[in-house]
Participant: 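A single structure is presented below for examination.
These numbers come from the heavy atoms of this one structure, side chains and all, not from hydrogens, waters or symmetry mates. Keep in mind that what you see is a predicted model, and the values were worked out from it rather than measured.
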Amino acid sequence: MNEPIASSGTDTTESVSVREWLRGLKVFAGPLADFDPAQAPAEPTELFLSWLREAVTAGVPDAHAMTLSTVGEDGGPDARVLILKNVDADGWQFAVHAGSPKGRQLAVRPSAALTFYWPVLGRQVRVRGAVEPASPDQSAADLLARAPSARAEVLLGRQSDHLHNRLRYERPDRHTRWERHLLWP
């Protein structure tokens, strides 16, 4: 696919291939953050948290958003953007609906990659490792910590399902299939 696209210049519009257009885009046009590997902490998580704080301070939108990569049923890669829930001694934590494609993929192949990208700083962090669901009680607590509208969305699971009981909305049980996951690099 090398169809011409319109590329606006100062006075004229010229037709260029997608390749030419992409090659003409600026990459890391602004000042990049400094990094001296000799000054990095021994624990990579400390460096990540430091960089995450810098991204938030720099105004990077959704700095805690990450791409979760899994392996699909066909063996091919699959990726989507999620929010990091926590990073601590238990691992890198995120949550999914167990019945969703990502939940089913993690159940079959319990490993994943997380990628954080902060273009303003010219930084990215990649984390790969084994994934394991947290306990049902931890998963339920994670669900309850979500905003009411987000909780309702999770409890519906799919748009075609209906929320029949307000009590289930206020006190989710283990049948919601919401799981917090832990990744260990």
Side-chain angles (χ1 to χ4, degrees), residues 22-72 76-98 100-154 172 176-185:
L22 289 172
R23 306 270 294 166
L25 296 176
K26 291 182 180 179
V27 178
F28 302 125
L32 300 179
D34 292 329
F35 176 61
D36 179 0
Q39 299 299 316
E43 173 55 44
T45 302
E46 290 178 38
L47 180 60
F48 168 78
L49 291 172
S50 172
W51 284 8
L52 177 60
R53 282 188 213 71
E54 287 181 39
V56 170
T57 300
V60 173
D62 303 320
H64 59 321
M66 62 186 185
T67 300
L68 169 68
S69 300
T70 56
V71 178
D78 205 350
R80 76 287 289 152
V81 177
L82 299 178
I83 299 297
L84 179 67
K85 298 289 188 172
N86 193 19
V87 179
D88 62 17
D90 289 335
W92 298 63
Q93 300 164 29
F94 58 92
V96 303
H97 190 284
S100 71
K102 60 188 163 284
R104 292 190 310 269
Q105 291 166 356
L106 289 169
V108 173
R109 291 183 179 95
S111 62
L114 311 176
T115 306
F116 298 84
Y117 179 52
W118 305 301
V120 172
L121 302 175
R123 287 184 172 156
Q124 70 174 330
V125 172
R126 297 179 308 139
V127 183
R128 299 183 319 162
V131 176
E132 177 179 298
S135 73
D137 289 339
Q138 290 171 320
S139 294
D142 181 82
L143 179 58
L144 284 171
R146 294 173 63 93
S149 59
R151 218 176 14 228
E153 179 184 331
V154 168
T176 61
R177 302 194 64 209
W178 183 251
E179 293 179 338
R180 188 176 77 183
H181 284 264
L182 310 170
L183 180 141
W184 294 284

Participant: If you count heavy atoms of other groups shown closer than 6.0 angstrom to CG of Asp34, is the number above 12?
Facilitator: no
Participant: The criterion is side-chain contact (heavy atoms from CB on, under 4.5 Å); which residues satisfy it with Ala40, sequence neighbours excluded?
Facilitator: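 Checked Ala40 against side-chain contact (heavy atoms from CB on, under 4.5 Å); matches are Phe35, Leu47.
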Participant: Side-chain atoms of residues 100-114: list all donor-acceptor pairs with protein atoms under 3.5 Å, sequence neighbours left out, distances to 0.1 Å.
Facilitator:
| from | atom 1 | to | atom 2 | distance (Å) |
| --- | --- | --- | --- | --- |
| Ser100 | OG | His97 | O | 2.7 |
| Ser100 | OG | Gly103 | N | 3.1 |
| Arg104 | NH1 | Gly99 | O | 2.4 |
| Gln105 | OE1 | Thr70 | OG1 | 2.3 |
| Gln105 | OE1 | Arg80 | NH2 | 3.0 |
| Gln105 | NE2 | Asp78 | OD2 | 2.8 |
| Arg109 | NH1 | Gly72 | O | 3.0 |

Participant: I need the minimum non-hydrogen distance between Leu68 and Val96, along with the two atoms involved.
Facilitator: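 Smallest interatomic distance, heavy atoms only, reads CD2-CG1, 4.5 Å.
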Participant: Kindly write out the residues that satisfy side-chain contact (heavy atoms from CB on, under 4.5 Å) with Gln39, not counting sequence neighbours, or none if the list is empty.
Facilitator: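 For Gln39, the residues satisfying side-chain contact (heavy atoms from CB on, under 4.5 Å) (neighbours in sequence not counted) are Asp36.
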Participant: Is any side-chain heavy atom of Tyr117 closer than 4.5 Å to one of Thr67?
Facilitator: no
Participant: The criterion is side-chain hydrogen bond (donor to acceptor under 3.5 Å, both in side chains); which residues satisfy it with Gln138, sequence neighbours excluded?
Facilitator: Ser135
Participant: Please round to the nearest 0.5 Å and tell me the distance separating atom OG1 of Thr115 and atom CZ of Arg128.
Facilitator: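 Atom-to-atom, Thr115:OG1 and Arg128:CZ are 10.0 Å apart.
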Participant: So, taking the atom named CG in Asn86 and the one named CH2 in Trp92, what distance separates them when rounded to the nearest 0.5 Å?
Facilitator: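 Interatomic distance, Asn86 CG to Trp92 CH2, rounded to 0.5 Å: 10.5 Å.
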Participant: What I'd like to find out is whether the side chain of Val125 reaches to under 4.5 Å of the side chain of Met66, using heavy atoms alone.
Facilitator: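 Result no, sub-4.5 Å side-chain heavy-atom pair not found.
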Participant: Using the test side-chain hydrogen bond (donor to acceptor under 3.5 Å, both in side chains), find all partners of Asp90 that sit at least two apart in sequence or belong to another chain.
Facilitator: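 Checked Asp90 against side-chain hydrogen bond (donor to acceptor under 3.5 Å, both in side chains); zero matches.
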Participant: Can you confirm whether Leu84 sits close enough to Phe116 that some side-chain heavy atom of one is under 4.5 Å from a side-chain heavy atom of the other?
Facilitator: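 Leu84 vs Phe116: side chains touch.
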Participant: Can you give the donor-acceptor pairs under 3.5 Å from side chains of residues 49-64 to other protein atoms, not counting sequence neighbours?
Facilitator:
| from | atom 1 | to | atom 2 | distance (Å) |
| --- | --- | --- | --- | --- |
| Arg53 | NH1 | Leu49 | O | 2.9 |
| Glu54 | OE1 | Arg123 | NH1 | 2.8 |
| Thr57 | OG1 | Arg53 | O | 2.9 |

Participant: Looking at every non-hydrogen atom in both residues, tell me the closest pair between Ser139 and Ala134 and how far apart they are.
Facilitator: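 Of all heavy-atom pairs spanning Ser139 and Ala134, the closest is OG-O, 3.9 Å.
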